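What follows is a set of notes on a single structure, which appears directly below.
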Amino acid sequence: MKEIVAYDNRLNELRFPEFKEQEMNIFCNLLYHLKDKETQIIKFTVSEVSNFFGSAYDSKLLAFMLKTMADRMRQRGFEYITHNDDRTSYNYITMFPTFKINTIKNPKAIDHLDAEILESLEVRINPDFSYLINKLNSNFTQFELAEFMSLSGKYAKRLYMLLKQFRSTGLLKLDFDEFRRRLDIPTKYRISEIDKEILKSAVKELSEEKNLFNMPRTAFKNLKYEKIKGRGRGRGGIVVGIEFTFDKETKETNNKSKENKSEIQTTEHIEPNLDLYVSKLISTEFGNARILNVEKHNNKLKVTYSLTKSNEIKSELFNSIAELEREIEHAKEKNKNINLENFSNLMTKIKF
C-alpha cells in the first residue's frame, strides 16, 4: 500500500526551521505517521526511525541527527505570518512539543558520535496545529512519501511540497520575497546565486525521470520557471515574483501504463544512494573524519564530516563518487597501517 502524506495547504505557508535534506525526510515521515493520532505521544523504534531515511542507519548516528534536528526546531520554530490591515504578526510555533530522544550509552564508543546510541523516539504534535493533518477539507496537499524521499536536496524537497499543492492546475505564482521565505533562502544570496545554486538544480531534480517501484516516474513534467520583473534599476527591472509551470496531473499521468516497463533501457543510469556513505571514515587534509552527510551540489558532491580528533565539523566538495571513495579507502589503509604499527610495537615489548 502506498504511503500518502496529506496536510492542510496552510502548512505550505510556513517557513521551516533550517531543515537539511534528511530532516525534511524525518518531518514528512512524522506527518504521515502522526495522522489520525490526534495528540497522542507516538513511540518509534530504532528500526522505524531508520526507515525515515530510506536506508539503514547506524543507531549512534540516528541519535546525533535527531538531536541536531531538535536543536534547529528549538532555536527557530516554524514561522508563519499574518496580516491585519497595516499590522503584521510574525509567529513562531513549536510543531512537536514532545520530541523525546531516548538513548543508551555505547560501550564500544570511539569518538563523540559513538557515545550514545538511539533507543527510541517519542513525538506528539502540537494540539493547536493538529488540524493541519487531522481535519482536512478540500484545500489540502498530498503526495507519495516514497517519491518525496527519492529526491535529493533540501530546496528540491521544499519546492516539491509547494508545487504539489497546485498539481491540478500546473501553475504556482509567488511574490519573490515570499518565495525566498518559504524556501528559507539566505538573504545574502543574490538573484544570480539563487538561479545557479538553487533553482536550476531543484528544477532539474524535480523534472528528471526516476525509477520508482520499478516504474519510470517524473515528479513534474515540463517544469519551468520564470522570474517576474517590475520597474527599477538594472537590466529588465527588479525581480518581484516567480512563476512555475508544469504539466498538471491527470489520471493518465498518475497511472503509468504497464507497457512502459518494456521501454526501460537495461543500461538506464541509476543514481547512487549517497546515504550509504554516511558514518564512514574519510581521509581529509585535517586528518581522519567521520561523514555526517553527502548531498549533490551543482555537479559535485558536498560532504559534511566531523574530525575524529577535534570533533570540528567541516564541509568539502568532491568532483565525483570515485574521488570520495578513494579518500574512504585511503582512511581504511591509513588505519590498517596504524594498527599494524601498534601491533608491531606491542610484539617487540613482549618477552618470550
Side-chain angles (χ1 to χ4, degrees), residues 18-26 46-47 49-75 99 101-121 152-154 272-298 300-349:
E18 298 182 339
F19 281 164
K20 302 300 183 183
E21 178 180 336
Q22 293 294 4
E23 292 160 349
M24 291 288 291
N25 285 342
I26 297 173
V46 174
S47 177
V49 173
S50 182
N51 288 335
F52 291 176
F53 297 88
S55 59
Y57 265 74
D58 194 295
S59 57
K60 57 181 178 289
L61 188 60
L62 290 175
F64 174 82
M65 297 176 77
L66 287 174
K67 285 188 285 185
T68 300
M69 180 179 180
D71 283 340
R72 294 191 203 284
M73 293 190 291
R74 176 179 56 81
Q75 292 170 10
F99 196 86
I101 305 164
N102 300 310
T103 66
I104 56 177
K105 289 186 178 180
N106 181 9
K108 300 179 180 180
I110 299 175
D111 53 41
H112 82 292
L113 290 178
D114 297 335
E116 297 176 321
I117 58 178
L118 182 68
E119 184 178 45
S120 63
L121 172 68
S152 296
K154 65 175 184 178
N273 186 352
L274 301 180
D275 291 339
L276 296 177
Y277 297 97
V278 174
S279 81
K280 290 183 179 293
L281 281 176
I282 183 174
S283 179
T284 76
E285 60 179 312
F286 309 102
N288 277 357
R290 195 176 294 276
I291 297 175
L292 301 178
N293 187 50
V294 182
E295 60 185 352
K296 292 180 181 178
H297 186 80
N298 294 332
K300 297 186 178 183
L301 296 176
K302 183 180 180 181
V303 179
T304 302
Y305 51 74
S306 173
L307 299 177
T308 54
K309 288 187 177 180
S310 66
N311 296 333
E312 184 179 0
I313 295 178
K314 292 181 174 290
S315 294
E316 183 176 344
L317 292 178
F318 288 80
N319 292 317
S320 63
I321 288 287
E323 183 181 357
L324 173 60
E325 291 181 341
R326 280 197 299 271
E327 295 306 318
I328 292 175
E329 287 301 317
H330 189 194
K332 286 182 181 178
E333 194 65 29
K334 187 184 296 185
N335 278 355
K336 180 180 178 181
N337 292 336
I338 291 175
N339 291 334
L340 287 174
E341 184 179 348
N342 290 339
F343 178 76
S344 178
N345 292 337
L346 178 64
M347 293 298 293
T348 58
K349 294 179 182 179

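Note that this is a predicted model, so its numbers are computed, not measured.
- Note: I104 CD1 to S59 OG = 7.5 Å, rounded to the nearest 0.5 Å.
- The side-chain heavy atoms of F52 and N25, taken from C-beta on, include no pair separated by under 4.5 Å.
- Between K332 and E329 there is a salt bridge, with a side-chain nitrogen of the basic residue lying less than 4.0 Å from a carboxylate oxygen of the acidic one.
- Considering all non-hydrogen atoms of both residues, K154 and F19 come closest at CD-O, 3.3 Å.
- Among residues two or more places apart in sequence or in another chain, the side-chain hydrogen bond (donor to acceptor under 3.5 Å, both in side chains) test is passed with E325 by Y277.
- Among K67, R74, Q75, the single residue meeting the side-chain hydrogen bond (donor to acceptor under 3.5 Å, both in side chains) criterion with D71 is R74.
- Separation of atoms CD (E23) and CG (L66) is listed at 9.0 Å; rounding is to 0.5 Å.
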Run E285 and E316 through side-chain contact (heavy atoms from CB on, under 4.5 Å) and show every step you take. CA-CA 10 Å; E285 60 179 312; E316 183 176 344; 5.5 Å; no
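- Residues S283 and A331 approach most closely at N-CB, 3.6 Å, considering heavy atoms.
- Contact check for L118 versus F64: no side-chain heavy atoms found under the 4.5 Å cut-off.
- A donor-acceptor pair under 3.5 Å links the side-chain atoms of T308 to the main chain of N288, judged by distance alone.
- A heavy-atom distance below 4.5 Å is not found between the side chains of T284 and K314.
- Side-chain contact check for T103 versus E119: every heavy-atom pair is 4.5 Å or farther apart.
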Under the criterion side-chain contact (heavy atoms from CB on, under 4.5 Å), I'd like the reasoning laid out for R290 against L61: C-alpha separation, chi angles, the key distance, then a yes or no. CA-CA 10 Å; R290 195 176 294 276; L61 188 60; over 6 Å; no
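- At least one side-chain heavy atom of F318 sits less than 4.5 Å from a side-chain heavy atom of I282.
- Although no hydrogens or angles enter the test, the distance criterion places no donor-acceptor pair under 3.5 Å between the side chain of S50 and the main chain of V46.
- Between G153 and E21, the closest heavy-atom pair is N-OE1, 3.0 Å.
- Of the inter-residue distances, the one linking K302 atom NZ with L317 atom CG reads 7.5 Å to the nearest 0.5 angstrom.
- Between A63 and E116, the closest heavy-atom pair is CB-O, 4.3 Å.
- Between K20 and E295, no side-chain nitrogen of the basic residue sits less than 4.0 Å from a carboxylate oxygen of the acidic one, so the salt-bridge criterion is not met.
- Interatomic distance, OG of S306 versus CD1 of I291, reported as 11.5 Å (0.5 Å rounding).
- Between L62 atom CG and L121 atom CG the span is 10.0 Å, to the nearest 0.5 Å.
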